[in-house]
Amino acid sequence: MIFDTIVAVATPFGTGGISVLRVSGSEAIQKVNSIFNGKDLSKVKSHTAHYGFILDSNSDVIDEVMVTVMKAPRTFTKEDVVEISAHGGVLITNNVLTRVLSTGIRMAERGEFTERAFLNGRIDLIQAESINDLIHAKNNNAVKIAAKGISKETSNQIINLREEVLDLIAKIEVNIDYPEYDDAIIMTKDIVVPAISELVKKIDKILILSRKNMMIKEGIKTAIIGKPNVGKSSLLNALLDEDKAIVSDYAGTTRDTIEATINLAGITLNLIDTAGIRETKDYIETLGIERSIKAISEAELILLVLDQNQKLSKEDQELLDLTKNKKRIIIKNKADLNDNIKLNEGIKISSVNKTGLKELENQIIKILSLEDIENSNLDYLSNTRQIGKLEEAKIALGNAIENQGLPIDLLVIDITKAYTLLLEILGEEYQDNLLNELFSKFCLGK
């Protein structure tokens with residue numbers, strides 16, 4: 001597959017030590033050589049760096065640079081790649097980039113280098129997505145998950161599953177097409193259905209661990225809720241160790257949701273401090289309360305804050321009932337005051353004195369079943385697309401089991417659908433619009 005030659009700045013724009021421009025394509029070496037004053041790049045060895053100057057159309061120096069030449073196929077894109085290390089700075093970077101573009105090289109689209117690596121067969125789609133995940137990782141465990149994906153350990157989970165499904169299809173097809181073949185195992189439903197059930201069990205295990213991976217990678221939507229003036233904003237500030245939210249004794253101070261992010265023990269909590277929920281005639285406060293109720297419905301974890309210095313109120317009880325079927329932690333705030341709430345459940349904390357926060361952290365890890373995260377296998381799927389395709393594959397195999405009363409050659413239809421879905425996870429089958437959507441989320445120069 002031959003593409004045109006592209007260029008992009010691979011380092012962030014701004015003042016810095018160096019900026020790197022990446023060029024990839026069959027004409028990369030020739031065209032950069034035409035504006036380079038130094039060694040003849042067409043004659044140098046692959047994977048070597050060379051000192052020189054980028055010249056303008058009048059042969060005047062634009063910048064002093066180091067140029068690294070990497071020849072196909074031993075490059076990220078499997079094409080000829082040239083990297084120009086110029087001095088950092090917006091103006092000089094733009095001047096060098098403009099000069100490179102003047103040779104007829106095209107500006108790269110977002111993620112186009114990684115897309116070429118995928119289309120040229122250097123990486124599969126899981127590896128490609130993992131590269132983007134690594135760049136946008138929110139915590140150290142998200143980095144580990146992405147690294148597993150890049151090294152193909154995650155892909156191997158799906159490759160092994162794909163091979164098992166293909167083997168089952170092949171054995172059934174041999175029976176159908178070559179019934180006289182003496183060495184073939186007679187594939188009766190007594191053999192096929194248990195084999196499918198075993199595949200479903202394996203998929204279930206992968207899905208459970210993959211959903212946990214996605215939670216670790218993306219962060220957990222965590223809503224801090226409670227009636228007005230129980231200390232929700234004080235809790236947010238204590239967790240962040242900064243004054244993110246305004247704190248006041250006046251009920252209804254927080255009138256809209258406030259969002260923040262915090263890392264706890266290797267996981268990310270996407271915190272939402274909600275407006276206090278109560279009956280009110282204030283229009284603006286009512287809008288905040290409506291958003292609070294929406295945040296509760298969307299949250300993966302609820303931190304329900306109660307004022308332990310006060311008796312349990314009607315609003316408190318309504319919130320307890322509203323969240324009883326959600327993953328929640330009840331927090332009895334103001335532990336520095338008397339306990340008048342008469343509720344056995346809950347963790348006592350003082351947002352003012354910052355006591356009880358470690359116990360809260362431990363409870364969060366426990367309720368999310370992430371206690372042994374450091375020793376967990378992280379080589380599983382970790383994004384919505386991949387997990388969605390695997391769930392579809394499970395459904396297809398489940399349909400085959402449900403349809404076991406049909407002739408065995410009809411069961412192959414559902415098994416083959418599951419096989420195709422596994423190929424789509426790896427990117428061995430895909431639609432162009434999928435690639436456009438995926439790689440548009442990448443940085444320029446990646």
Side-chain angles (χ1 to χ4, degrees), residues 124-130 133 145 148-149 152-176 187-218 220-221 297-298 300 325-327 368-369 377-438:
D124 62 39
L125 203 52
I126 291 177
Q127 290 175 291
E129 290 172 301
S130 296
D133 289 343
I145 291 169
K148 295 282 187 181
K152 208 164 183 174
E153 291 180 57
T154 305
S155 300
N156 287 336
Q157 297 272 0
I158 303 304
I159 290 169
N160 293 337
L161 198 59
R162 178 198 67 186
E163 292 306 308
E164 289 186 52
V165 175
L166 181 60
D167 184 60
L168 181 59
I169 293 170
K171 287 177 179 176
I172 295 172
E173 293 288 359
V174 166
N175 274 241
I176 295 168
M187 298 298 288
T188 64
K189 290 174 188 175
D190 291 339
I191 295 176
V192 172
V193 173
I196 297 172
S197 298
E198 192 59 33
L199 286 168
V200 169
K201 287 180 183 177
K202 290 181 179 181
I203 289 176
D204 268 331
K205 179 186 176 184
I206 293 173
L207 283 173
I208 289 169
L209 294 168
S210 295
R211 291 189 190 104
K212 185 178 289 189
N213 262 11
M214 188 164 73
M215 188 183 295
I216 294 167
K217 185 191 84 172
E218 300 291 343
I220 295 94
K221 292 181 183 177
S297 67
E298 295 177 350
E300 297 163 309
N325 294 322
K326 302 278 291 186
K327 282 186 177 178
L368 294 172
S369 302
N377 282 335
L378 300 175
D379 50 344
Y380 289 91
L381 307 179
S382 61
N383 74 31
T384 303
R385 182 196 73 85
Q386 298 163 4
I387 292 172
K389 292 293 181 185
L390 191 57
E391 286 172 338
E392 288 183 52
K394 177 188 170 182
I395 291 170
L397 293 175
N399 290 339
I401 294 173
E402 287 181 11
N403 296 328
Q404 60 184 284
L406 298 174
I408 198 166
D409 54 327
L410 294 180
L411 299 186
V412 177
I413 296 172
D414 287 318
I415 301 172
T416 302
K417 183 179 179 181
Y419 176 73
T420 301
L421 287 161
L422 295 176
L423 294 182
E424 290 179 13
I425 295 173
L426 294 164
E428 293 175 8
E429 287 203 7
Y430 60 87
Q431 296 177 346
D432 289 340
N433 60 349
L434 168 67
L435 296 188
N436 292 337
E437 181 181 346
L438 286 178

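Counting from 1, the numbers follow the sequence of the chain as shown. Computed from a predicted structure; not experimentally measured.
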Pair Leu168-Leu199, side-chain contact (heavy atoms from CB on, under 4.5 Å): steps then yes or no
CA-CA 10 Å; Leu168 181 59; Leu199 286 168; 4.1 Å; yes
With respect to Arg385, which candidate in Glu129, Glu424, Glu392 satisfies the salt bridge (Lys or Arg N to Asp or Glu O under 4.0 Å) definition?
Glu129
I'd like to know if Lys326 pairs up with Glu300 as an ion pair, taking the criterion as any Lys NZ or Arg NE/NH1/NH2 lying under 4.0 Å from an Asp or Glu carboxylate oxygen.
no
Find out whether Arg162 and Glu428 are in side-chain contact, i.e. whether some heavy atom of one side chain is under 4.5 Å from a heavy atom of the other.
yes
As an exercise, state the distance from CG of Asn213 to CD1 of Ile208, rounded to the nearest 0.5 Å.
12.5 Å
Test Leu397 against Lys394 for side-chain contact (heavy atoms from CB on, under 4.5 Å), laying out the working first.
CA-CA 5 Å; Leu397 293 175; Lys394 177 188 170 182; 5.9 Å; no
Side-chain touch Lys171/Ile191, heavy atoms, less than 4.5 angstrom:
no
Just checking, any donor-acceptor pair under 3.5 angstrom between side chains of Asp124 and Ser155?
yes
Does Asp379 reach the side chain of Ile145, with side-chain heavy atoms less than 4.5 Å apart?
no
Compare all side-chain heavy atoms of Val165 with those of Leu422 and state whether any distance is below 4.5 angstrom.
yes
Could you report the tightest heavy-atom contact between Ala393 and Ala418, atom names first, then the distance?
O-CB, 3.7 Å
Under the side-chain contact (heavy atoms from CB on, under 4.5 Å) rule, what do Glu198 and Glu164 come out as? Steps first, then yes or no, please.
CA-CA 10 Å; Glu198 192 59 33; Glu164 289 186 52; 5.9 Å; no
Side chain to side chain contact (heavy atoms under 4.5 Å, CB included) with Tyr380: of Lys205, Lys148, Arg211, only one passes, and it is Lys205
What's the shortest heavy-atom distance between Ser382 and Glu218, and which atoms?
O-OE2, 4.5 Å
To the nearest 0.5 Å, what is the distance between CD (Gln157) and CD1 (Ile203)?
12.0 Å
side-chain contact (heavy atoms from CB on, under 4.5 Å) between Leu381 and Ile126: does it pass, once the steps are laid out?
CA-CA 8 Å; Leu381 307 179; Ile126 291 177; 4.0 Å; yes
Calculate, to the nearest 0.5 Å, the distance between atoms CG and CG belonging to Asn383 and Asp133 respectively.
6.5 Å
How close do Ser210 and Ile387 get, heavy atom to heavy atom, and via which atoms?
O-CD1, 3.7 Å
Nearest non-hydrogen partners of Ser130 and Gly149, listed with the distance
OG-CA, 3.2 Å
Distance from Leu410 atom CG to Asn403 atom CG, nearest 0.5 Å?
9.0 Å
Can you tell me how far the CD1 atom of Ile401 sits from the CG atom of Asp414, to the nearest 0.5 Å?
10.0 Å
dist Glu429:CD -> Leu125:CG (nearest 0.5 Å) comes out at 12.5 Å
